[in-house]
Q: 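My questions all concern the structure below.
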Amino acid sequence: MTRMLSLLRQVFVVLALPVVLLAVWWVTSAGSENFYLPPLSEILTTFGEVWFSGRIVSDVLPSLLRLAAGYTLAALVGVGLGIAVGSSKALRETVEPVLEFGRAIPPPVLVPVLMLIAGHGNSMKILVILSGCIWPILLNTVEGVRAVDEVLVDTGRTFRMRARSRLHHLVLPAASPQIFAGLRQALSLGIILMVISEMFAASSGLGFTIVQFQRGFAIPEMWSGIILLGIIGFGLSLLFRLVESRALRWYEGIRLAERGGSPSKT
Amino acid sequence: MLDVRGLRKVYGGEGGRSVEALRDLTFTLQEGELACLVGPSGCGKTTLLKCVSGLLAPTAGEVRLAGEPVHEPPEGMAMVFQEYGRSLFPWMTNAQNVELPLKERNVPKEERRLLVAETLASVGLEDVSSAYPWQLSGGMQQRVAIARAVAYQPKVLLMDEPFAAVDAQTRADLEDLLRGLWQRLGVTILFVTHDIDEAVYLGGRVIVLTNAPTVVQDDVAVDLPDERDQVSTRALPLFTELRSRIYEEIQRAKSGDGRVYSP
């Protein structure tokens, strides 16, 4: 019963501010005569019409698929390279300056360049997402692998762990908190790059549609697209946190135990 | 069983600055012996153990396990570290921790299950096999590490100040647990400690080391009865005598005018 109550309380705390903000928006925009700031009621009516009439399949889905492809590739390449670079001191010293330089380039600048190389299709957009998302994943993985506890490494060596199981049972789990930190940064970057790449040159996608609406002065439709993007970003980050908390349950447990809480409760 | 001959380790600093940690160490452990290494703090005990275990290459000299030279951690050796919290895999349950080295050794599944259950029971932890190490107290975590080493069925068990980070009561319990396991299994144990009392209480023999650059200062046989007890054994005149002798040796080792023991 108390658990139920505390859950309700938590839901209330989470939802309170968004509800208040929406209410304020609703009230202050009601009867707005400003062309660029239409009433929220109008935006919401348009929302259903615009997005639930086929655009989910023709625009939202392509965007999400590009994001999934670019993000997955970035994760695979980033973690793979990160393990290699993190494990070898010589390699690290050689490539680290280059990595820092690569990270420092704002990824949207690459859109025009990648358009020249990869054209206007899906591969250009996937490349843009990949080229931006890879840096936080790569650099965090390098850092995580480099910082694997020396005693743990010695333990693995005295028990003669083979290279494969050392990777699976030692290096990857030990670096996983850092890897997840990189993946989290990359996810928000990925959403931004997904939209930007579609704004430049595209015939479908969320970014493309929102720009189309704006150019056609379909202002409530434009606003509804922005709201949809917000909802997608929020949903993805919620999903990410769910996966993360499952994968890093041990890590949360240690942190709780160190703070003197009771980890067995979770 | 374990032969250490002329072991020397110099840490090479670039630009000519080098530190000689171990100068010349020679000793032999017979099969089934429990020997303790004591020395002043900072005398290179951990360096010595790393060289013996094959984790670190010595500058000169050699280590042989059952006649075979040691160049990397050999199959017949297990190690228990002082930092139990950093040596157990926190993403694995206690049972999985004990099982991991057995998997590496391709022990069949059924046999693994039995060994894990048996060794966890032998350290009194059968109830927490599905818990995670960080859910246990320090003493219990070190028991898991000991169970993991024992399940591995090594010929030689190396222990690097394993009880230095637990409280006194737990420490006494762990000492008795270790002696019990040793008597039952007959495994050869090299136990490094800075605690003289612990060395005398545990060991059949105490090897005293000098300050760095380290050599063997003395090799003391501990002729205490095999059945030891935290209260009565520590009250024996022989115990006190051995303790004072080793204490004086270490004082002399610190001041650097100790005689050098040659076997």
Side-chain angles (χ1 to χ4, degrees), chain A residues 79 83 87 89-90 93 141 144-181 183 243-266, chain B residues 46 49-50 52-56 70-94 96-107 128 130-138 141 144-145 148-149 151-154 156-160 165:
Chain A
V79 172
I83 287 170
S87 310
K89 192 170 177 228
E93 279 167 357
T141 306
V145 170
R146 196 188 58 77
V148 175
D149 195 301
E150 201 186 319
V151 177
L152 220 49
V153 174
D154 279 352
T155 303
R157 281 184 65 201
T158 53
F159 288 122
R160 299 162 64 90
M161 281 177 84
R162 285 176 292 240
R164 246 188 84 162
S165 73
R166 202 170 56 223
L167 182 66
H168 272 144
H169 297 306
L170 208 169
V171 176
L172 271 179
S176 59
Q178 285 265 33
I179 294 176
F180 269 101
L183 287 171
V243 174
E244 186 186 35
S245 71
R246 295 209 128 213
L248 297 184
R249 193 175 289 168
W250 61 272
Y251 186 66
E252 291 296 319
I254 291 179
R255 293 211 306 194
L256 258 168
E258 275 169 0
R259 270 184 272 141
S262 68
S264 48
K265 228 172 72 181
T266 49
Chain B
T46 297
L49 221 48
K50 280 199 166 182
V52 170
S53 63
L55 286 171
L56 196 64
V70 171
H71 298 300
E72 57 170 53
E75 215 176 314
M77 207 179 252
M79 184 136 161
V80 174
F81 296 85
Q82 179 184 336
E83 306 94 335
Y84 45 80
R86 292 163 58 196
S87 146
L88 294 169
F89 293 35
W91 44 87
M92 293 183 182
T93 64
N94 296 311
Q96 286 169 334
N97 264 288
V98 177
E99 192 183 11
L100 180 74
L102 303 176
K103 274 189 182 164
E104 293 302 306
R105 209 182 222 185
N106 298 322
V107 176
V128 295
S130 57
Y132 288 88
W134 36 267
Q135 292 175 317
L136 308 180
S137 68
Q141 289 184 41
V144 176
R148 179 173 63 181
Y152 194 61
Q153 298 173 308
V156 171
L157 177 55
L158 305 175
M159 306 186 86
D160 186 9

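Proteins get letters first, then strands, A, B, ... in listed order; numbering begins at 1 in each.
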Q: Looking only at heavy atoms, which two atoms of Trp250(A) and Pro90(B) are closest? And how far apart?
A: CB-O, 3.4 Å
Q: Tell me, do Phe159(A) and Leu100(B) make a side-chain contact under 4.5 Å, heavy atoms counted?
A: no
Q: Can you say whether Asp154(A) sits under 4.5 Å from chain B via the side chain, the backbone, both, or neither, judging by heavy atoms?
A: both
Q: So, for Phe89(B) and His169(A), which heavy atoms are closest and what is the spacing to 0.1 Å?
A: CD2-O, 3.5 Å
Q: What part of Lys50(B) lies closer than 4.5 angstrom to a heavy atom of chain A: side chain, backbone, both or neither?
A: side chain
Q: Does a side-chain N-to-carboxylate-O contact under 4.0 Å join Glu72(B) and Arg160(A)?
A: yes
Q: Indicate the atoms forming the closest heavy-atom contact of Arg148(B) with Thr155(A), along with that distance.
A: NH2-CG2, 3.3 Å
Q: Measure the spacing between CG of Asn106(B) and CZ of Arg162(A) and express it to the nearest 0.5 Å.
A: 4.5 Å
Q: Pick one of side chain, backbone, both or neither for Leu88(B), based on which atoms fall under 4.5 Å of a heavy atom in chain A.
A: backbone
Q: Ser165(A) versus Glu104(B): any side-chain heavy-atom pair under 4.5 Å?
A: yes
Q: What part of Leu170(A) gets closer than 4.5 Å to chain B, counting heavy atoms only: side chain, backbone, both or neither?
A: both
